[in-house]
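Here is the structure we will look at, set down as structure tokens.
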Amino acid sequence: MTEPFDSDVVIIGAGPVGLFAVFQLGMLGLKAHVIDTLDQAGGQCAELYPEKPIFDIPGLPSVTGQGLVDNLLEQIRPFEPQFHFSQMVEQIIPLPDGRFRLTTDAGPSFNAKAVIIAAGGGSFQPKKPTYPGIDGYEGTSVFYAVRQRERFRGKKVLIVGGGDSALDWALNLQPIAERVTLMHRRDVFRAAPHSVAGMRALVASGDMDLALGQITTLHGDGRTLTGVTAQRGDLTTFHVEADMLLPFFGLIVKFGPVADWGLTLREHHIVVDTERFETSTPGIHAIGDINWYPGKLKLILSGFHESALAAQAIAARIRPGGVPKFEHSTSSSLLQEKLRALDRE
Ligand SMILES: Cc1cc2nc3c(=O)[nH]c(=O)nc-3n(C[C@H](O)[C@H](O)[C@H](O)COP(=O)(O)OP(=O)(O)OC[C@H]3O[C@@H](n4cnc5c(N)ncnc54)[C@H](O)[C@@H]3O)c2cc1C
């Protein structure tokens, strides 16, 4: 077993609120590791509305979901957060020395003096198709996200779906795959028009296949895929050779393991106080959309406020010298030093 990562604080969730918590902790001299099920930062802003403008972030009259995430990532860069993507926190176990051990479904574990749960509505997970036997192929021939593009080099890749992820990855893997086939149930796509045009151009030039139908059967030895049978709208069937299958059917949000962490809950939210945003377990705080307290508003700005107070409470508990003298960011010597260090890089 690999050694656990050691951290002052582990933040569960790299949505906007989890990201800003890195800043608030950093200002108090605390280091954070950030874990998210997704393969990128941004939570709902990046996954659900990257191009929609948000109008109620103070000081930013209009910023897109992705623009806000990019700004937050830039803002927390001086504090060097360590990100661990594509893994879901499964357990939080109190240790005898007062710390917490967190484990994820990808293997790593983390020891932390305090935990911030910024898990939004729960973890984003791919919608999985129900093709018989698909579980056995997962991780070898079937993937719900592309973590390492190189893995698909020289492969016969079958991508299923009609949205942005399906089209983006069809275009992205086409240059390195032996062959890319895009399969969708009908000849109408929900993806960005330029992606659809790019796909149609490759199909017209014979460099990509487009198949209209729905998979009924997977072929292979149960772990390694060789192809699929699919059915057209008129119920005729056809075969597609494939050694990699990427179904992109969108994401669902699952409350998931949060329910098993022994915390007081109220209708799929974690109950916290309004001073420290601490849960029923001292040392574990919950901020952003996941928490509940009287008057809670699910707004990004509420989550930002909560992160500042949770960070203060954590510093008071775990920093050897307690909370440092209150400083504005304009006069924080720690922040100035870190920004100068970044400039020198
Ligand atoms: C279409 C739309 C428009 C919106 N417009 C606005 C607006 O104009 N203004 C506004 O203030 N708000 C708006 N919101 C709401 C806003 O996006 C949310 O309030 C905000 O995203 C909450 O941030 P968060 O960091 O708490 O959670 P999220 O953004 O939900 O991020 C939580 C993250 O935690 C991860 N996670 C959960 N469980 C685990 C686990 N066990 N292990 C690892 N990772 C986990 C998830 O994968 C996710 O990435 C909008 C929402 C939507 C859907």
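All ligand and atom numbering here is 1-based and tracks the order in the structure. The residues of the chain are indexed from 1 along the displayed sequence. Quick caveat: nothing in here was measured; it's all calculated off a predicted structure.
Note: an N/O pair closer than 3.5 Å links I300 and ligand 1 by distance alone. In terms of polar-atom proximity, defined here as any N/O pair under 3.5 Å, V17 does make such a contact with ligand 1. Ligand 1 has no nitrogen or oxygen under 3.5 angstrom from a nitrogen or oxygen of K52.
Taking atom 9 (N) of ligand 1 as the reference point, the nearest protein heavy-atom neighbour is D56 OD1, 2.9 Å. From the protein, the heavy atom lying nearest to atom 48 (C) of ligand 1 is D36 OD2, 3.4 Å. Ranking protein heavy atoms by distance to atom 30 (O) of ligand 1, first place goes to Q44 NE2, 2.9 Å. Counting protein heavy atoms only, atom 27 (O) of ligand 1 is closest to G120 CA, 3.2 Å.
How far CD of Q312 is from CG of L309: 7.0 Å, rounded to the nearest 0.5 Å. With rounding to the nearest 0.5 angstrom, the OG1 atom of T130 is 10.5 Å from the CG atom of D135. Here L210 contributes atom CG and L212 contributes atom CG; the two are 5.0 Å apart, rounded to the nearest 0.5 Å. Note that the CD atom of Q214 and the CZ atom of R186 stand 10.5 Å from one another [nearest 0.5 Å].
Atoms of ligand 1 found under 4.0 Å from any heavy atom of V89 (numbered from 1 in listed order, with element): 40 (C), 41 (N), 42 (N), 43 (C). Below 4.0 Å from some heavy atom of G288 lie the following atoms of ligand 1, by number and element: 26 (O). Contact atoms of ligand 1 toward I54: 7 (C), 8 (O), 9 (N) (distance under 4.0 Å to a heavy atom of the residue). Residue contact check: L38 has heavy atoms under 4.0 Å from atoms 47 (O), 49 (O) of ligand 1. The Q87 neighbourhood of ligand 1 comprises atoms 43 (C), with distances under 4.0 Å to a heavy atom of that residue. Residue contact check: G13 has heavy atoms under 4.0 Å from atoms 33 (C), 34 (O), 35 (C) of ligand 1. Applying the 4.0 Å criterion to heavy atoms of I35 picks out, from ligand 1, the atoms 43 (C), 44 (N). Residue M88 approaches ligand 1 through these ligand atoms, each under 4.0 Å from one of its heavy atoms: 40 (C), 41 (N), 42 (N), 43 (C).
Within the 3.5 Å criterion, the main-chain N or O of G283 finds a donor-acceptor partner in the side chain of E278. For the pair S307 (side chain) and G18 (backbone), a donor-acceptor distance under 3.5 Å is absent. Under the 3.5 Å distance criterion, the side-chain polar atoms of N291 are left unmatched by any main-chain donor or acceptor of V272.
By the criterion of a heavy-atom distance under 4.0 Å, neither the backbone nor the side chain of I57 is placed next to ligand 1. Here D289 has heavy atoms under 4.0 Å from ligand 1 in both its backbone and its side chain. Contacts between Y49 and ligand 1, counted as non-hydrogen atom pairs separated by less than 4.0 Å, involve the side chain only.
At a 4.0 Å cut-off, not a single heavy atom of E90 sits close enough to ligand 1 to count as contact. The shortest separation from a heavy atom of G303 to ligand 1 is not under 4.0 Å, leaving the residue out of contact. Within the structure, the closest approach of A118 to ligand 1 falls below 4.0 Å when heavy atoms are considered.
Checking each of H285, Q24, K296 against E306 for a side chain to side chain donor-acceptor pair (under 3.5 Å) leaves exactly one that passes, namely K296.
The closest non-hydrogen atom to atom 44 (N) of ligand 1, taken over L251, L19, T37, comes from T37.
Between R77 and E74 a salt bridge is recorded (basic side-chain N to carboxylate O distance below 4.0 Å). Using a 4.0 Å cut-off between charged side-chain N and carboxylate O, R179 and E241 make no salt bridge.
Here K113 pairs with D8 under the salt bridge (Lys or Arg N to Asp or Glu O under 4.0 Å) rule; sequence neighbours left out.
Transitive grouping of hydrophobic side chains (ILVMFWY, heavy atoms separated by less than 4.5 Å) brings I54 and L60 into a common cluster.
Checked by atom type, the side-chain pair Q125/S123 shows a donor-acceptor distance below 3.5 Å.
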